[in-house]
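Lettering of chains follows the sequences in order, A, B, ..., and the numbering in each one begins at 1.
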Number of protein chains: 2
Amino acid sequence: MTAGIRHDDLRRRNRGLVIAAVRRAGLPSRTEIASTTGLSHSTISAISADLINEGILAEAKAGELASARRGRPQVGLSLNADAATVIVAVLSLNELSAATINYAGGLVAEESRTLATATISRDDLISELVAMLCRLTSGMEGSARPLRIVLAIQGITDADARVMLWSPITPHRDIPFAEILERKLGIPTAVENDCNMMAVALRWRDPARYRADFIAILLSHGIGMGLVLKGNLFTGTRSSGGEFGHVIHRPEGALCRCGRRGCIEAYAGDYAIWRNAHGKSEFSTPEDGVRPEDMKELAERARASDGPEREAYRKAGNAIGYGIGSLFALIDPAPIAFVGAGAAAFDLLEPAIRAAVAETAGGQHSDAIAFDTIPDELPLIRQGCAMRALTYVDQEIFSDGYPASPLLHADIA
Amino acid sequence: MTAGIRHDDLRRRNRGLVIAAVRRAGLPSRTEIASTTGLSHSTISAISADLINEGILAEAKAGELASARRGRPQVGLSLNADAATVIVAVLSLNELSAATINYAGGLVAEESRTLATATISRDDLISELVAMLCRLTSGMEGSARPLRIVLAIQGITDADARVMLWSPITPHRDIPFAEILERKLGIPTAVENDCNMMAVALRWRDPARYRADFIAILLSHGIGMGLVLKGNLFTGTRSSGGEFGHVIHRPEGALCRCGRRGCIEAYAGDYAIWRNAHGKSEFSTPEDGVRPEDMKELAERARASDGPEREAYRKAGNAIGYGIGSLFALIDPAPIAFVGAGAAAFDLLEPAIRAAVAETAGGQHSDAIAFDTIPDELPLIRQGCAMRALTYVDQEIFSDGYPASPLLHADIA
DNA sequence: AAGACTTTTTTCGAGCCTCGAAAAAATAGT
DNA sequence: ACTATTTTTTCGAGGCTCGAAAAAAGTCTT
């Protein structure tokens with residue numbers, strides 16, 4: 001049962017609304033905030049005064065907002081970059097990277113290193129991560145301590161974003177990263193699926209295109225998906241969900257890395273395309289060592305002539321297209337962004353994808369099916385993590401009357 | 001952007017909360033409502049006094065609440081059955097039925113008739129419906145006028161629940177039932193998918209089992225689905241969505257009623273089972289005239305010996321099972337209720353369903369997969385419509401300070 | 001049977017919050 | 001310098017929820 005609304009919740013929610021409006025708009029005036037939130041000018045005035053006093057927002061210098069209009073000039077409100085910091089970390093195949101981000105979303109520091117994720121021991125994996133984050137946060141104590149960590153992983157997390165349940169990059173399972181990092185660093189942590197973070201980032205990058213309903217599909221060694229429906233990130237009931245790569249394309253079909261058969265990934269993952277292009281059986285054990293260079297070369301050959309390579313891409317497109325079509329039967333069509341190295345070969349996939357979608361329930365609204373490609377996934381994932389962490393701070397910490405950094409504003413005391 | 005919370009929204013939302021608590025609990029005391037909503041006793045006292053004055057709630061007679069405890073006895077609050085009425089209508093193959101329901105959910109009047117939905121003209125279909133609802137509402141004027149109509153149809157509606165976009169029971173498309181009924185009867189109307197209403201009803205019938213996440217699957221001539229995720233009815237971005245029957249089971253597979261190939265329905269719909277059992281080609285035109293008696297007989301023969309009939313049910317179960325498995329890859333497992341005549345043959349389907357699910361991503365959590373069967377769908381659909389209509393009245397009308405029936409309480413004037 | 005005890009419900013004043021209207025502030029045009 | 005215009009702040013009114021205390025309505029005990 002939904003909880004009742006207390007009187008003090010009201011202020012909290014409206015504070016959150018004002019912060020969100022500033023984060024979204026960049027440098028909005030109070031009047032602009034009033035109109036986007038629907039709250040009265042007086043309320044916005046009161047709330048923004050509080051937020052400025054607390055060091056969460058800051059007023060822009062006069063003239064920063066091009067006006068040239070008559071009347072009292074608007075004063076833009078911005079996020080105070082020094083109000084807080086957050087940490088983002090991305091754990092992917094053979095690579096671990098992390099960064100400190102300030103409250104305005106700017107990069108403060110970063111670090112990354114290669115890591116043999118497939119063979120490293122469980123303890124070493126954990127301690128490498130802990131060590132990197134300790135280095136990043138060293139010297140940040142007291143009010144300078146980061147307020148949130150978001151760790152993105154390839155694979156499945158639990159619905160509460162606390163445990164990595166399974167990942168293709170390591171044999172180790174059920175690693176409670178959130179608990180570990182909270183204990184070691186004392187900073188609240190969320191563990192998120194990388195594709196979900198991609199979807200979050202798309203929404204911030206291009207809100208016009210990626211608004212209420214859209215899909216991000218990661219094409220790489222495996223196939224991942226992040227799905228936003230009615231403005232909310234779609235997650236499973238127990239896990240991060242959205243395992244599009246393991247929707248069944250052909251029952252009893254090709255052997256998948258997950259051990260099952262006929263998954264979309266078993267036709268469209270890098271290893272599957274490679275396997276098909278090299279004339280190996282669909283039932284042969286998935287090859288782990290397919291490198292990005294191999295795929296680039298494969299794509300070149302597929303473009304050069306209509307041989308087994310092109311056929312392999314066709315099969316991949318067919319699997320993806322039928323999968324999308326089935327998804328559209330459930331959720332109706334929505335724009336799709338293909339992300340990752342595989343998106344660089346999208347020209348080879350697209351005809352087969354479109355042909356397959358046309359054979360499905362999604363085909364009837366083919367006008368609404370827009371594709372977009374973004375070959376480089378890491379920046380997207382990072383940005384998604386950063387926004388995830390920052391909106392957490394916005395809504396869960398700064399929306400209460402939290403004294404952001406009292407020392408910065410000692411003059412008001 | 002989410003709208004700001006006004007001060008007067010607060011009362012409205014808390015009124016809605018109190019009404020919802022009473023509808024859910026049956027005869028709760030004020031103290032009980034306070035604890036389920038988290039609001040204070042004083043607030044509940046004030047709100048319920050208002051609601052009683054407005055004739056929306058009523059106090060139970062003393063002693064109706066078994067207490068036997070010490071202390072001042074609790075006074076149960078109930079919905080005032082006379083506070084309002086709503087209309088539910090269900091349009092299904094060859095049958096149209098409608099009923100008037102009072103505010104407490106009790107049946108006031110009902111009517112149903114057979115109708116050759118497959119051949120009737122568009123205008124006749126509309127006027128039959130309008131006529132029936134006019135008869136039901138005749139004499140109910142002024143404050144006795146029903147406050148809401150919910151019409152359930154087999155097929156696809158738009159996301160705003162105003163238009164029947166497509167239905168298997170009639171060749172006519174895009175009938176704006178909501179607009180038509182609102183104009184003819186002057187009562188706000190919603191057009192809903194029948195399976196979605198089944199899901200709504202399950203939640204009211206057995207909240208322990210069907211709580212936050214579950215699936216209702218209708219097995220009849222076609223295959224429908226109603227899905228509740230995180231406590232919300234799942235709908236598509238443009239339509240009622242959840243067209244589980246048209247998820248692709250086998251690309252380029254059996255011919256479906258929808259004209260496409262390989263849909264789950266083309267294996268598991270009545271016509272598909274019938275077609276397979278009679279040794280017809282999977283690509284032969286779907287038979288429209290398969291009657292429930294035919295299916296009953298088919299099931300008998302399938303139970304009697306392991307012939308083509310049993311094989312047909314196996315194929316159906318295989319399609320459903322793979323479909324469920326793929327769905328579980330996206331949303332994680334959830335309890336499933338199989339509804340409709342096809343559920344009466346669930347014993348024939350279940351082994352193949354379970355075997356197929358085990359081959360998919362859903363298989364890993366096989367412990368969480370609970371099946372339930374409900375052969376009679378019409379009462380479920382009706383109940384879902386009724387609850388849908390009543391909660392609309394609760395939240396959209398009675399949550400504002402709406403004078404429910406001033407005449408009933410003239411004494412307070 | 002009267003008083004003690006217990007639990008539910010109502011009453012009442014305090015404290016917030018939002019809102020609208022009016023005032024103040026700050027600039028461009030004339 | 002003065003007017004027009006637009007933004008922002010101020011101020012009082014009205015509502016809402018809350019906690020504490022009081023009132024109500026029984027059961028239990030002696």
> For dT8(D), does OP1 or OP2 lie under 4.0 Å from any side-chain N or O of S45(A)?
no
> Kindly say if N14(B) contacts the phosphate of dT17(D), meaning a side-chain N or O under 4.0 Å from OP1 or OP2.
yes
> Please report, rounded to the nearest Å, how far the C1' atom of dT8(C) is from the CD1 atom of I33(B).
13 Å
> Does the pair S40(B) and T43(B) meet the rule for a side chain to side chain donor-acceptor pair (under 3.5 Å), with working shown?
CA-CA 5 Å; S40(B) 72; T43(B) 301; 3.0 Å; yes
> Could you work out which one of dT9(C), dT8(D), dA25(D) sits closest to the side chain of P73(B)?
dA25(D)
> Could you tell me how far apart R11(A) (CZ) and dC19(C) (C1') are, to the nearest whole angstrom?
13 Å
> Separation of I44(B) atom CD1 from dC16(D) atom P, in whole Å?
14 Å
> Would you mind telling me which residue lines up with the more 5' stretch of DNA chain C, R72(A) or S42(B), judged by nearest nucleotide?
S42(B)
> Are R23(B) and Y103(B) in a cation-pi setup, meaning NZ or CZ lies under 6.0 angstrom from the ring centre and within 45 degrees of the ring axis?
yes
> Nearest of dA26(C), dG20(C), dT8(D) to any side-chain atom of S40(A)?
dG20(C)
> Take the protein atom CD1 of I52(A) and the nucleotide atom P of dT8(D), then report the distance between them rounded to whole Å.
10 Å
> Nearest whole Å is fine: how far is dT7(C) P from Q74(B) CD?
11 Å
> Output the rounded distance in Å from CG (L10(A)) to C1' (dC19(C)).
12 Å
> Would you say dT8(C) has OP1 or OP2 under 4.0 Å from some side-chain N or O of R69(B)?
yes
> So which one's nearest nucleotide on DNA chain D is more toward 5', A49(A) or G71(A)?
G71(A)
> Nearest heavy-atom pair of V22(A) and P28(A): which atoms, and what distance?
CA-CG, 3.9 Å
> Salt bridge (Lys or Arg N to Asp or Glu O under 4.0 Å) between D394(A) and R148(A): does it pass, once the steps are laid out?
CA-CA 11 Å; D394(A) 291 348; R148(A) 181 73 163 175; over 6 Å; no
> On DNA chain C, nearest-nucleotide positions of I47(A) versus R70(A): which is more 5'?
I47(A)
> Apply salt bridge (Lys or Arg N to Asp or Glu O under 4.0 Å) to R162(B) and E179(B), showing your working.
CA-CA 7 Å; R162(B) 302 200 54 79; E179(B) 200 190 311; 5.9 Å; no
> For the pair made of CG in L77(A) and P in dT7(D), what is the distance, rounded to whole Å?
14 Å
> Whole-Å distance between dA24(D) P and E59(B) CD?
15 Å
